[in-house]
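Worksheet for the structure shown next.
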Amino acid sequence: MPRYFAALTALVLLSATVAPAFAQHATAFDVEDGARTFASICANCHGPDGNLITGIDLGRGQFRRALTDNELAGIIENGIPNTAMPPSPNLSEEQVERVVALLRANAAAKPSAAPAGDVARGKALFEGKGECMDCHRVNGHGSRTAPDLSAIGRLRRAVEIEQSLLDPAAEVQANNRFYRVVTADGKEVKGRLLNRDTYTVQLLDWDENLRSFTLAELREHGFDETPMPSFRKKMSARQIADLTAYLVSLRGPPQ
């Protein structure tokens, strides 16, 4: 599944479908590789959903005018003069073609049937019914026991955030994993994993204490299931959409 979109700055507004030249022959590998290129080159400006720039939505294939694959490739390679869209001289022709393949694949994907969310209602849910601040932190407020979400909208796509709300165990980022240890005297400690090397492990326990253990002195240790609950039965589809919209709006300080 593609996760990211491509680097085109002033392309968008009007949905346009153009018969593709090389993108129509793209494989799943091509699309995934295009996603990796977008993540490393383009996401800082366009965002993981391709919609950070006002009026542009690369994830839905909305362009200012109809563009062929070759025209898209030309913009990626050469940029757009006198705009913020820079050229990409370090990308190979193959990489550029795969970014175009990603754009086409995203445009062809079935749109979500989920209702559009409301940021203000989502914020109220985050701080109230969802009890999210019992574990998470946003802009200096909340707990540190779970990942800081102050810039989650810049790091994760809306569809990924929604999946985490509905099925949090489906995909856990490597830096968000939890760990469980049992000491030599039988005491169990759980917390968010901060670091593990050959000899030691460090975690932040549920009281927000930094704990460090020597692996050789532990009776048991290993990754633990995510404590993040599913909101599938706790919230309606509208509330999930609102909460997702709020989380997507969290993009951290201006860069």
Is there a donor-acceptor contact under 3.5 Å from the side chain of Arg177 to the main chain of Ala174? yes

Who pairs with Phe178 by ring-ring contact (aromatic ring centres under 6.0 Å, His included), at least two apart in sequence or on another chain? Trp206

Can a donor-acceptor pair be found, under 3.5 Å and without considering hydrogens, that links the side chain of Ser230 to the backbone of Leu166? yes

Short side-chain to backbone donor-acceptor contact, Thr214 and Ala216, under 3.5 Å: no

Please check: side-chain N/O of Asn78 versus main-chain N/O of Gly74, any donor-acceptor pairing under 3.5 Å? yes

Non-hydrogen side-chain atoms of Asp134 and Ser143 separated by less than 4.5 Å: no

Distance col, row Leu250:CG vs Ile152:CD1, nearest 0.5 angstrom, shows 8.5 Å

Is the closest side-chain donor-acceptor distance between Thr68 and Asn70 under 3.5 Å? no

Atom pair OG1 (Thr37) and CD (Glu94), whose distance is rounded to the nearest 0.5 Å: 9.5 Å

Give a yes or no on this: more than 12 heavy atoms of other residues, nucleotides or ligands lie within 6.0 Å of atom CD of Glu188. yes

Hydrophobic cluster membership, Val172 vs Tyr179, 4.5 Å side-chain cutoff: no

Run the side chain to side chain contact (heavy atoms under 4.5 Å, CB included) check on His136 and Met228 step by step: do they pass? CA-CA 10 Å; His136 294 282; Met228 170 80 178; 4.2 Å; yes

Write down the atom of Ala245, the atom of Asp118, and the distance for their closest heavy-atom approach. CB-N, 4.0 Å

Hey, could you give me the NZ/CG distance between Lys123 and Asp242, rounded to the nearest 0.5 Å? 14.0 Å

When you group the ILVMFWY residues by side-chain heavy-atom contacts below 4.5 Å and let the links chain together, are Leu218 and Val189 in the same group? yes

Hey, are the side chains of Ser150 and Asn139 touching, using non-hydrogen atoms and a 4.5 Å cut-off? yes

Stepwise side chain to side chain contact (heavy atoms under 4.5 Å, CB included) test for Lys129 and Gln239: CA-CA 10 Å; Lys129 181 178 181 179; Gln239 290 173 322; 3.3 Å; yes

Check: Arg219 side chain, Ala184 main-chain N or O, donor-acceptor pair, under 3.5 Å: yes

Point-to-point distance, once rounded to the nearest 0.5 Å, from CG of Leu155 to CZ of Arg251: 10.0 Å

Let me check something: do Phe231 and Met133 share a hydrophobic cluster, defined by ILVMFWY side-chain heavy atoms less than 4.5 Å apart, either directly or through other members? yes

What closest approach, in Å, do Ile76 and Ser88 show between heavy atoms, and which atom pair accounts for it? O-OG, 3.1 Å

Hey, does Ile240 have a side-chain heavy atom less than 4.5 Å from the side chain of Glu162? yes

Taking it one step at a time, do Arg211 and Val181 satisfy side chain to side chain contact (heavy atoms under 4.5 Å, CB included)? CA-CA 11 Å; Arg211 307 290 297 272; Val181 304; over 6 Å; no

Could you go through Phe213 and His221, starting from their C-alpha distance and side-chain angles, then the distance that decides it, and tell me whether this counts as side chain to side chain contact (heavy atoms under 4.5 Å, CB included)? CA-CA 10 Å; Phe213 300 92; His221 66 89; over 6 Å; no

Distance-minimising heavy-atom pair for Leu204 and Leu210: CD1-N, 4.0 Å

How many angstroms lie between CG in Leu243 and SG in Cys132, if you round to the nearest 0.5 Å? 5.5 Å

Tell me the closest heavy-atom pair linking Val138 and Leu149, and the distance in Å. CG2-CB, 4.0 Å

Greater than 12 external heavy atoms within 6.0 Å of Glu208's CD: yes

Within the 4.5 Å heavy-atom criterion, are Tyr246 and Val119 side-chain neighbours or not? yes

Under 3.5 Å: donor-acceptor pair, side chain of Asp205, backbone of Asp207: yes

Arg137 side chain to Gly142 backbone, donor-acceptor under 3.5 Å: yes

Donor-acceptor pair, Arg192 side chain versus Arg144 backbone, under 3.5 Å? yes

Heavy-atom nearest pair, Arg180 first then Glu220, reads NH1-OE1, 3.0 Å

Less than 4.5 Å apart, side chain to side chain, heavy atoms only: is that true for Ile41 and Val99? no

State, with a plain yes or no, whether a side-chain heavy atom of Glu127 is found less than 4.5 Å away from one of His141. no

Report the distance from atom CE of Met235 to atom CG of Leu125, rounding to the nearest 0.5 Å. 5.0 Å

Around atom CG of Asn195, are there more than 12 heavy atoms of other residues, nucleotides or ligands at under 6.0 Å? yes

